[in-house]
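Report on one structure; see the data block that follows.
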Amino acid sequence: MEALFSLNPQQAEAVQASEGPLLILAGAGSGKTRVITVRIAHLIKEKGVAPHNILAVTFTNKAAGEMRDRVRELLKDEQLNSFPLISTFHSLCVRILRQDIEALNEGYKKTFTIYDTDDSQRVVKACIKDLGFDEKQVIPRVVRNAISSAKNRGEDVELFASKVEHTDEKRAAAAKVFRMYEERLRIANALDFDDLLIKTVRLLRKSAEVREKYNNRYKYILVDEYQDTNPLQLALITFLTEKQQNICVVGDDAQSIYGFRQADIRNILEFEQHFPNAKVILLEQNYRSTQTILDTADAIIANNINQKKKKLWTSNDGGERVLYYQAQDADGEGRFVAAKIEEHLRRNPSQRVAVLYRTNAQSRVFEEQLRRMRIDYNIVGGFSFYERQEVKDIVAYLKLALNPQDDIALLRVINTPTRGIGKTTLDELQSKSAALGVSLWETVALIGEPMNGVTANITTRARDAVLSFKKVIEKLQKKVAEVAETDKKVSDVVIAAIDDSGYSLMLRSENSDEAEARLENLEELVNAAVDYDRMADATIRDFIDHAALTADTDSLDSSARVTLMTVHSAKGLEFPIVFLVGLEDGIFPHSRSINDPKELEEERRLAYVAITRAEKLLYITHSMRRRVYGEEIAAEPSQFLNEMPLELIDDLSYGSSWLSFARSSTTRGSKYAVSALKGERAAAAPSKPKNLYTGKTYNTADAVAEFFKKKNIEPQPGGLDSDRNASVNERASDELTPAPPRSSPSGFDKLRAIASEKPKSEDQGPKPTFVAGAHVRHEKYGKGLVLRREGSGDNVKLTISFPGFGQKKMIEKFANLQKA
DNA sequence: AAGTAAATTTTTTTT
DNA sequence: AAATTTACTT
C-alpha cells in the first residue's frame, strides 16, 4: 500500500500489526493520527476487513471529524459500500442504547432523552429542594459534580451511599439527592452524559446476546487518546473486545489532562495487564516541532515525578528561540498578541496561528484586540451555539415531542412564550406528579379529565392555558410522526416548533436588537436542520442527539487564520505559530490545582500539551496585573516559567521583566526578584488607557425614554432602531422592522398597522376600564393600544402595544392607565 | 404575572 | 465585571 512508504519503521509496524492487542505509545507530534488512519485504510485495503467492522473511538467530535476526513481521503479510490464508524465514546453509546436499551430492563425506552450538564443540574437542584435541604449548604453544582465523579468511577448509588454512610452530613445528603436524582431521571426517561456510558456498560455486562452482537459487529477497535480513558470507558472497551481482542490503543502518558473526568493514567500504564499478549510500539520521533520547542516542553515535564522518562527526538532544525513577553495588564497582553499576529499575517496572509489559554474566560481580551485590528478569528468552545437560551428552548420543544416524559424540557417551555402558567400552577403540577411518581406530562394529561383531583388547586384559566400548551405539543408530535411516514423534512419540524409554539411571534413583537439576534440564531438552527435534510434517513432524533452531544458548532470560518481556544481543546492539533498566554500562578497552573501535587503534575502535562502544539514558533506571555472577579490584582509569574530553559528564550518585553531578573539572579525568578520588580515598575508603568466604549447597550424602556427626552421628540414605531434613524422615520419603520412571521403573516401585519395608528387626543378619568381596541396612555410607555383583555375583577390582564416599545402585558389594577 | 431593582455569585478543563 | 438569582413593585 502506497501510504506505507511514507511511514517510518515503527509507524509501519504499528499499521501492520493488525491482529491482537496493540499499545502505541506515541509522543507529541509523532504522527499518531497518521498511523491510526493509515491503519484503518490498511485493514480495509490489504486485510479485506469490511469497513463497518471497524470502530475508531475518540474523545471529541472535532477529533472524530478530522479522523473521518483523513480516512475518507485515504479510501477515496475504493469502491466501498460501508464506512468505518468513527465516533466519540458518547455517540457510540447513544447508538448502542437507541437500539438496545430496552434489554436493560431498567424501565428505559428507546425514546430516551439526553440531559446535558445544565439539565442535570436542574434536576439536582429540584431534588435538593424537595428533600428539604438548604441550597446554601448542599450546593447543586457541587452535588452534581460528586454524582458525575462517582458515575465515572463506575460507582452506583448504593456504593456511593455506603461509602459516605459514616462520613459527614453533607455527603450523606448528597447520597440522598443522588438516589432521588436517579429516580427522577428514570421517570423522565432521561440519561445524563455519564449515564450514556454507564447504561451501555451495564447493558453489555448483563446481556450476553447484546455483547455478542456488538463483538461481531466491531471486529477491529481503535481508541485514540487512550491516556484519557476512565474506568467506565475501560469497561466498555473490555466488553466490546471480549471476543476478538483486536484492540489498538494510542496514547501518551505525558498528555493525560482529563483527571477531573476521572481519567486514569493507569489504564495506559497497565494496558499489558488488561490485555495479555499485547504488543507495544513506541513512536518517539517528532515530526512537528523544532528542537527548541521540544527542549522547552521536555524541561517542564521533567519536573513531574510520576512520569515515564522518555525523550522525543527530531531531525528538524533547532529553529527560532521561544519569544517571551511580559505585559503590564491583561489588555497589554492582548495588544501584544494581536500586534504580533498582525505582523505575521502581513508577512504571510495564509499563516495559521493559535492563541492558547488555560480558561475560557481569558478569551475576551484577545477577541477585543483582534477585532480592533480587524483580524478574523475563530473561537473554539466557551459559549456553544446549542447552549443559547433560544436554541435550547426550541430543542426542548422537539425533545418534549419525542419524549413527553422529559420533565426538564417541559418545565423549560411550558410558559415560554408566556401562556399564563405561573409558579402556583407549576407547583401544583409538580407536587401532584411527585405524589403519583409520574412525569409532569402524565399529570398534564390528567388535567383534562374531570374528577381526578389534579385540578383542585388550579384555576380554570390556568387549566385552559395548560391544555392549550398540551395541544401545541401534540401538534408537534404529529409533525414528527410525519417525518417518518411522509417526505416531510427535519427542517420542517424545526420550523414548526419555532412558529407553532408562538416563539417567533414572541421574539418579533419584542422589537429589540437582542430579540433580533435570537431570531438569527434560530435561523441558524433551521440551517443546521436543512443540512440534516440532505442526509439519507435523517431523523429528528439524530438531529436532537447531535445538538446534545456536540459542544461547538463546527461552523468554523475557514478563511480565518487565527484560532482561539483552551489548551484542552487544542490537544491533537498543531499550528505553525502558537501563543501560550496567561502564564501566571493561579491561572496556569490554575489556583484550584496549585496546592495538590497530583493536580499540579496534571497542569504541567497541560503545559506540555500546549507547548508541543507549536511547529515553528512559540510565544509565551504573562501579565503583571489581572482582573479576578472584577478586582484588579497583582499576578505572580507562573512557576512553569522557572522550569523553562532560559537560554532558549528571547525577551520582547519593554524594559526589565521577570525574565531579565531571573537571568541576573542566582536564585532565578525568586519571589524577592519578582516583588522588587513590581515595586520598580509601579511608578514607571504607563497609565491604563481608558475604555470609552462600554460595549453594553441597555434595551430598557427607561433608556429609550431617556433618549427621547434628551432629543425632545416622541418615540416612533420601529422600536429601538429608530434611535439611530430618528431623522429618517420611513426607513426606520419599513426596513428595520423584521419581516412578518411565517406562521401568521397577516396577523402580524395587522398588528403592526394597529400599532402605528395615530392615537386620539387624551382625556383624563379615574380608574377607567379598557376593552380591546381602546387607546390608553401609560406613564412610562406613553400612548398605546389595547390588543387583548383577559380575566376579570382584580385580575384583568391587558395586552397593550406601545409604539416604540412593543407589546406589553400588564395587570389593569396596577398599570395606572389613562384614557388617551 | 411580569418587570425591575437589588443582592449574590462566579472561573477550570469537556462529552 | 458580568451573569444569575432573589426580593420587591406595579
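Computed over heavy atoms, backbone and side chain alike; hydrogens, waters and symmetry mates excluded. In what follows, chains are A, B, ... by sequence order, proteins preceding strands, each numbered from 1.
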From [atom1] of [X] over to [atom2] of [N], roughly how many Å is that when rounded to an integer?
{"X": "A:N230", "N": "B:dT15", "atom1": "CG", "atom2": "P", "value": "14 Å"}
{"X": "A:N145", "N": "B:dT11", "atom1": "CG", "atom2": "P", "value": "10 Å"}
{"X": "A:I414", "N": "B:dA1", "atom1": "CD1", "atom2": "P", "value": "12 Å"}
{"X": "A:E599", "N": "B:dT13", "atom1": "CD", "atom2": "P", "value": "14 Å"}
{"X": "A:N152", "N": "B:dT14", "atom1": "CG", "atom2": "P", "value": "15 Å"}
{"X": "A:E602", "N": "B:dT14", "atom1": "CD", "atom2": "P", "value": "12 Å"}
{"X": "A:Q121", "N": "B:dT15", "atom1": "CD", "atom2": "P", "value": "18 Å"}
{"X": "A:E387", "N": "C:dA3", "atom1": "CD", "atom2": "C1'", "value": "14 Å"}

Among [options], which is the nearest nucleotide to the side chain of [X]?
{"X": "A:T425", "options": "B:dA1, B:dT12, C:dA1", "answer": "B:dA1"}
{"X": "A:E603", "options": "B:dT12, B:dA2, B:dT15", "answer": "B:dT12"}
{"X": "A:K125", "options": "B:dT15, B:dT12, C:dT5", "answer": "C:dT5"}
{"X": "A:T60", "options": "B:dA1, B:dT15, B:dT12", "answer": "B:dT15"}

Does a side-chain N or O from [X] land closer than 4.0 Å to OP1 or OP2 of [N], or not?
{"X": "A:S591", "N": "B:dT11", "answer": "no"}
{"X": "A:N360", "N": "B:dT13", "answer": "yes"}
{"X": "A:R261", "N": "B:dT14", "answer": "no"}
{"X": "A:S91", "N": "B:dT15", "answer": "no"}

- Establish, yes or no, whether the cationic atom of A:R605 lies under 6.0 Å from the six-membered ring centre of A:Y608 and within 45° of the ring axis.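 No, A:R605 does not lie over the aromatic ring of A:Y608.
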- Measure from NZ or CZ of A:R261 to the centre of the six-membered ring of A:F59, then state whether that distance is under 6.0 Å and the direction lies within 45° of the axis.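 The answer is no, since A:R261 fails at least one limit relative to A:F59.
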Can you list everything that forms a side-chain contact (heavy atoms from CB on, under 4.5 Å) with [X]? Sequence neighbours excluded, please.
{"X": "A:T117", "answer": "A:R144, A:F193"}
{"X": "A:L573", "answer": "A:K62, A:E66, A:M565, A:F575"}
{"X": "A:S363", "answer": "A:Y357, A:E367, A:I379"}

- Message: Both A:I421 and A:F193 contact DNA chain B. Taking the nearest nucleotide for each, which residue is further toward the 5' end?
- Response: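 That would be A:I421.
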- Message: Using a 5.5 Å cut-off between ring centres and planes within 30 degrees, is A:Y629 stacked on the base of B:dT10?
- Response: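 Stacking is present between B:dT10 and A:Y629, given that their ring centres fall under 5.5 Å apart and the planes under 30°.
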- Message: For B:dT12, is there a stacking contact with A:H590, counting only centres under 5.5 Å and planes under 30°?
- Response: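 Given the distance and angle limits, yes, they stack.
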Tell me what [X] touches on the nucleic acid: a base, only sugar-phosphate, or nothing, going by heavy atoms under 4.0 Å.
{"X": "A:Q262", "answer": "nothing"}
{"X": "A:N415", "answer": "sugar-phosphate"}
{"X": "A:F89", "answer": "nothing"}

- hbond_proxy A:R592 side chain to B:dT11 base (donor-acceptor, 3.5 Å cutoff):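 No, no donor-acceptor pair under 3.5 Å.
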- So, for A:Q362 and A:T359, which heavy atoms are closest and what is the spacing to 0.1 Å?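 Closest approach of A:Q362 to A:T359, heavy atoms only: OE1-N, 2.9 Å.
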- Identify the two heavy atoms, one from A:S623 and one from A:A635, that lie closest to each other, and give their separation to 0.1 Å.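 Smallest heavy-atom distance, with atoms named: O-CB, 3.6 Å.
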- Item | With A:D596 via salt bridge (Lys or Arg N to Asp or Glu O under 4.0 Å) - residues at least two apart |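 Salt bridge (Lys or Arg N to Asp or Glu O under 4.0 Å) list for A:D596, sorted by chain: empty.
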- Which value, in whole Å, describes the distance between the P atoms of nucleotides C:dT6 and B:dT11?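 That atom pair is separated by 15 Å.
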- Message: If we check side-chain contact (heavy atoms from CB on, under 4.5 Å) with A:L185, which of these qualifies: A:T113, A:D119, A:L191, A:D192?
- Response: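 When A:T113, A:D119, A:L191, A:D192 are each tested with A:L185, the side-chain contact (heavy atoms from CB on, under 4.5 Å) holds only for A:D192.
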Output a table of nitrogen or oxygen pairs between the protein and nucleotides 7-9 of chain C separated by less than 3.5 Å.
none

- Query: Can a donor-acceptor pair be found between the side chains of A:D393 and A:Y503 at a distance below 3.5 Å?
  - Reply: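 Yes, a side-chain donor-acceptor pair sits under 3.5 Å.
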- Message: Taking the ring of A:F588 and the ring of A:H622, is the distance between their centroids below 6.0 Å?
- Response: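 Centroid separation for A:H622 and A:F588: 6.0 Å or greater.
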Shorter than 3.5 Å, N or O on both sides, protein versus nucleotides 6-9 of chain B: list them out with atom names.
none

